[in-house]
**Q** 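Take a look at this one; I'll ask things after.
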Amino acid sequence: MNSRTITLHDCEFSPYLYEEEIIARISFMAETISREYAGKNPLFLAVLNGSFMFAADLLKRVTIPCEIAFIRLSSYQDMESTGKVKEVLGLTEDIHSRHVIVLEDIVDTGHTVHNLINQLQAKSPASVQVASLLLKPDCLQHKLDVKYVAKTIPNDFVVGYGLDYNGLGRNLRDIYKIVS
Ligand code: 5GP
């Protein structure tokens with residue numbers, strides 16, 4: 001890593017994971033999924049916006065027949081205190097009896113994925129698993145099985161490769177972490 005820092009809005013970020021390492025880790029994940037889902041025609045559900053680059057690079061490397069759809073989650077700022085859950089938007093595919101793999105950018109507390117899995121399970125899929133680009137294990141507040149993880153990271157705020165800071169940074173090829 002060099003010291004090539006960037007500024008987004010009012011915050012400084014330093015390089016953390018270069019594109020080459022990200023792609024190598026995603027390739028490994030794609031190989032594993034291709035092996036484990038052979039003959040199952042999995043349906044990938046990519047959660048927008050953050051997972052768009054991850055989804056594209058993963059799907060290019062999946063070698064078995066598969067499908068992809070894109071969903072969004074309604075944005076409730078304060079899920080915990082309001083008790084509201086983020087509702088799935090844009091799911092037009094029938095997932096009944098399908099093998100579903102949710103694609104997430106990052107799992108932090110796990111609230112988002114936990115709620116999403118519950119909503120998907122109610123539609124009687126054959127199976128639901130989660131593939132996340134990043135996981136912050138120290139932050140997890142749910143007993144979650146995130147089956148496929150490209151990389152686990154410490155509790156630092158990161159941007160780039162689809163992840164944003166107040167709208168900026170999604171276009172960056174590498175992942176950066178906040179300079180504290
Ligand atoms: P969770 O519900 O697991 O706490 O949060 C998941 C969501 O929070 C992610 O999909 C992402 O939008 C956001 N998030 C969590 N940690 C980070 C981070 O380090 N950087 C960015 N850009 N977003 C994050």
Side-chain angles (χ1 to χ4, degrees), residues 1 4-19 21-23 25-26 29 43-59 68-91 100-122 128-180:
M1 288 287 167
R4 186 173 49 99
T5 62
I6 57 163
T7 301
L8 300 175
H9 297 295
D10 52 343
C11 282
E12 206 182 342
F13 295 84
S14 59
Y16 179 57
L17 269 180
Y18 281 122
E19 185 182 22
E21 181 179 348
I22 298 168
I23 297 297
R25 288 174 176 276
I26 289 173
M29 185 189 285
L43 172 62
F44 291 94
L45 288 185
V47 183
L48 294 173
N49 293 328
S51 74
F52 78 98
M53 270 197 203
F54 169 47
D57 281 329
L58 180 77
L59 267 283
I68 185 165
F70 297 86
I71 58 171
R72 299 180 72 96
L73 300 174
S74 60
S75 50
Y76 289 118
Q77 290 298 311
D78 196 350
M79 266 198 301
E80 276 300 84
S81 60
T82 61
K84 287 177 177 170
V85 297
K86 293 185 181 181
E87 186 193 341
V88 177
L89 304 175
L91 179 59
V100 172
I101 304 175
V102 172
L103 300 182
E104 259 289 12
D105 52 358
I106 186 165
V107 177
D108 186 343
T109 63
H111 292 318
T112 307
V113 162
H114 174 78
N115 290 324
L116 176 54
I117 289 174
N118 284 347
Q119 290 180 64
L120 295 176
Q121 290 287 13
V128 182
Q129 295 293 351
V130 178
S132 186
L133 175 67
L134 302 171
L135 169 72
K136 294 180 181 173
D138 297 342
C139 302
L140 265 185
Q141 291 179 26
H142 292 269
K143 203 167 170 293
L144 268 187
D145 177 24
V146 183
K147 187 161 188 195
Y148 307 101
V149 177
K151 186 165 172 72
T152 58
I153 64 168
N155 186 15
D156 293 315
F157 186 79
V158 292
V159 294
Y161 197 75
L163 291 143
D164 77 311
Y165 170 50
N166 286 347
L168 294 180
R170 293 194 196 278
N171 58 311
L172 299 167
R173 307 173 79 102
D174 306 310
I175 292 175
Y176 295 72
K177 73 173 178 181
I178 198 157
V179 177
S180 48

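As the structure is a prediction and not an experimental result, all values here were calculated from the model. As the structure lists them, so they are numbered: ligands from 1, and atoms in each ligand from 1.
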**Q** With atoms numbered from 1 as shown, which atoms in ligand 1 lie under 4.0 angstrom from a non-hydrogen atom of L163?
**A**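 By the 4.0 Å cutoff, the relevant atoms are 21 (C), 22 (N), 23 (N).
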**Q** Number the atoms of ligand 1 from 1 as they appear, then name those within less than 4.0 Å of a heavy atom of V158, with their elements.
**A**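 Contacts of ligand 1 toward V158, numbered from 1: 18 (C), 19 (O), 20 (N), 21 (C), 22 (N).
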**Q** Side chain of S74, backbone of E87: donor and acceptor closer than 3.5 Å?
**A**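 Indeed, once roles are kept as given, a pair shorter than 3.5 Å links the two residues.
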**Q** Looking at D164, which atoms of ligand 1 are within less than 4.0 Å of one of its heavy atoms?
**A**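 Numbered from 1, ligand 1 contributes 21 (C), 22 (N).
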**Q** Given side chains that start at C-beta, do those of V88 and L116 come closer than 4.5 Å, heavy atoms only?
**A**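 Yes; the side chains approach each other to less than 4.5 Å.
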**Q** Considering D108, N49, I153, which one's heavy-atom position lies nearest to atom 16 (N) of ligand 1?
**A**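 The residue whose heavy atom sits nearest atom 16 (N) of ligand 1 is D108.
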**Q** If the contact criterion is a heavy-atom separation under 4.0 Å, does K136 count as touching ligand 1?
**A**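 Contact present.
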**Q** Decide whether Y16 and D156 meet the rule of one side-chain donor and one side-chain acceptor closer than 3.5 Å.
**A**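 No pair is found: no donor N or O on one side chain lies under 3.5 Å from an acceptor on the other.
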**Q** Under 4.0 Å from a heavy atom of T112: which atoms of ligand 1 are those, numbered in the order shown and with their elements?
**A**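 Listed by number with element: 1 (P), 2 (O), 5 (O), 6 (C).
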**Q** Which ligand 1 atoms are under 4.0 Å away from a heavy-atom of D156?
**A**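 Those of ligand 1 that fall under 4.0 Å from D156 are 19 (O).
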**Q** Could you tell me how the ring of H114 sits relative to the ring of H142: parallel (under 30°), tilted (30 to 60°) or perpendicular (over 60°)?
**A**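 Correct class here is parallel.
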**Q** Is Y165 in contact with ligand 1, taking contact as a heavy-atom separation below 4.0 Å?
**A**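 It does not, in that no heavy atom of Y165 comes within the 4.0 Å cut-off of ligand 1.
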**Q** Between N115 and L73, is any pair of side-chain heavy atoms under 4.5 Å apart?
**A**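 When only atoms from C-beta onward are counted, L73 and N115 do not touch, as no gap falls below 4.5 Å.
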**Q** Quick one: which of T152, I22, L163, D108 gives a side chain to side chain contact (heavy atoms under 4.5 Å, CB included) with L134?
**A**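 Checked T152, I22, L163, D108 against L134; only one passes side chain to side chain contact (heavy atoms under 4.5 Å, CB included): L163.
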**Q** If you measure from each heavy atom of G110 to ligand 1, is any distance below 4.0 Å?
**A**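 Heavy atoms of G110 do come under 4.0 Å of ligand 1.
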**Q** Quick check: does any side chain N or O of Q119 sit under 3.5 Å from a backbone N or O of K86, one acting as donor and the other as acceptor?
**A**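 Checked: pair present.
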